[in-house]
Amino acid sequence: QVQLEESGGDSVQAGGSLKLSCRVTGMSVSSRCLAWFRQVPGKEREMVATYPIFSRSTYALFVKGRFTISTDGAKNTLSLEMNSLEPDDTAVYYCAAGSGGTRTCASSPQNEHWGQGTQVAVSS
């Protein structure tokens, strides 16, 4: 059974940093496209960053070079390092794993497994 569990969300001041982690069980982080999404109540879930199979990582335009997605094969985890956080970054952040049939996972339907989310709150 594949399970994803996020951690690291917190309340921070604008300009601060956070590192989100996603513990993955039941599958290797090297076997599927992985991604981070975020969602604000009442708005659509949006892609933050992806870690595709055989391709370089991708980022949403709003990231503006501030975030880095990575994996740790030894720990079987997915991470998102976030710097220079802004109030608009406030959201619930979700990690996701793509289905076996896709090498990319920038859209929600491409992802088969999801974590429960971790709250990030950035105050001005």
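Please read all numbers here as calculations on a predicted model, not as lab measurements.
- Every pair passing salt bridge (Lys or Arg N to Asp or Glu O under 4.0 Å) that includes a residue from residues 2-15 is listed here, sequence neighbours excluded: Glu5-Arg23.
- Note: Asp72 CG to Cys22 SG = 12.5 Å, rounded to the nearest 0.5 Å.
- For Ala91 against Gln39, the heavy-atom pair with the smallest separation is CB-O, 3.6 Å.
- Relative to the six-membered ring of Tyr94, Arg45 meets both conditions, a distance below 6.0 Å and an angle of at most 45° to the axis.
- When all heavy atoms of Cys33 and Pro52 are compared, the closest pair comes out as SG-CA, 3.7 Å.
- Atom-to-atom distance recorded for Glu112:CD and Cys105:SG is 12.0 Å, nearest 0.5 angstrom.
- In this structure, OG on Ser7 lies 13.5 Å from CD on Gln116, to the nearest 0.5 angstrom.
- For the residue pair Ser123 and Pro87, the shortest heavy atom distance occurs at C-CG, 4.5 Å.
- Annotation: side chain of Thr102 is not in contact with side chain of Arg32 (no heavy-atom distance under 4.5 Å).
- Between atom CG of residue Asn83 and atom CD of residue Glu81 there is a gap of 7.0 Å, rounded to the nearest 0.5 Å.
- From Asn111, atom CG reaches atom CE of Met47 across 10.5 Å, with rounding to the nearest 0.5 Å.
- We find that Glu86 and Lys64 are joined by a salt bridge, their nearest charged nitrogen and carboxylate oxygen being less than 4.0 Å apart.
- Residues Trp114 and Cys95 form no side-chain contact, since every pair of their non-hydrogen atoms from C-beta on lies 4.5 Å or further apart.
- Distance check, rounded to the nearest 0.5 Å: OG1 of Thr25 to NE2 of His113 gives 10.0 Å.
- Residues passing the side-chain contact (heavy atoms from CB on, under 4.5 Å) test with Ser107 are Pro109, Gln110, sequence neighbours excluded.
- At least one donor-acceptor pair under 3.5 Å links the side chain of Ser28 to the backbone N or O of Ser30.
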Next item on the list: Given side-chain hydrogen bond (donor to acceptor under 3.5 Å, both in side chains), test Thr58 with Thr50 step by step and report yes or no.
Entry: CA-CA 5 Å; Thr58 67; Thr50 75; 2.5 Å; yes
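- Cluster partners of Trp36 are Val2, Leu4, Val12, Leu18, Leu20, Val24, Met27, Val29, Leu34, Val48, Tyr51, Tyr59, Phe62, Val63, Phe67, Ile69, Leu78, Leu80, Met82, Leu85, Tyr93, Val120, Val122, counting Ile, Leu, Val, Met, Phe, Trp and Tyr whose side-chain heavy atoms approach within less than 4.5 Å, directly or via other members.
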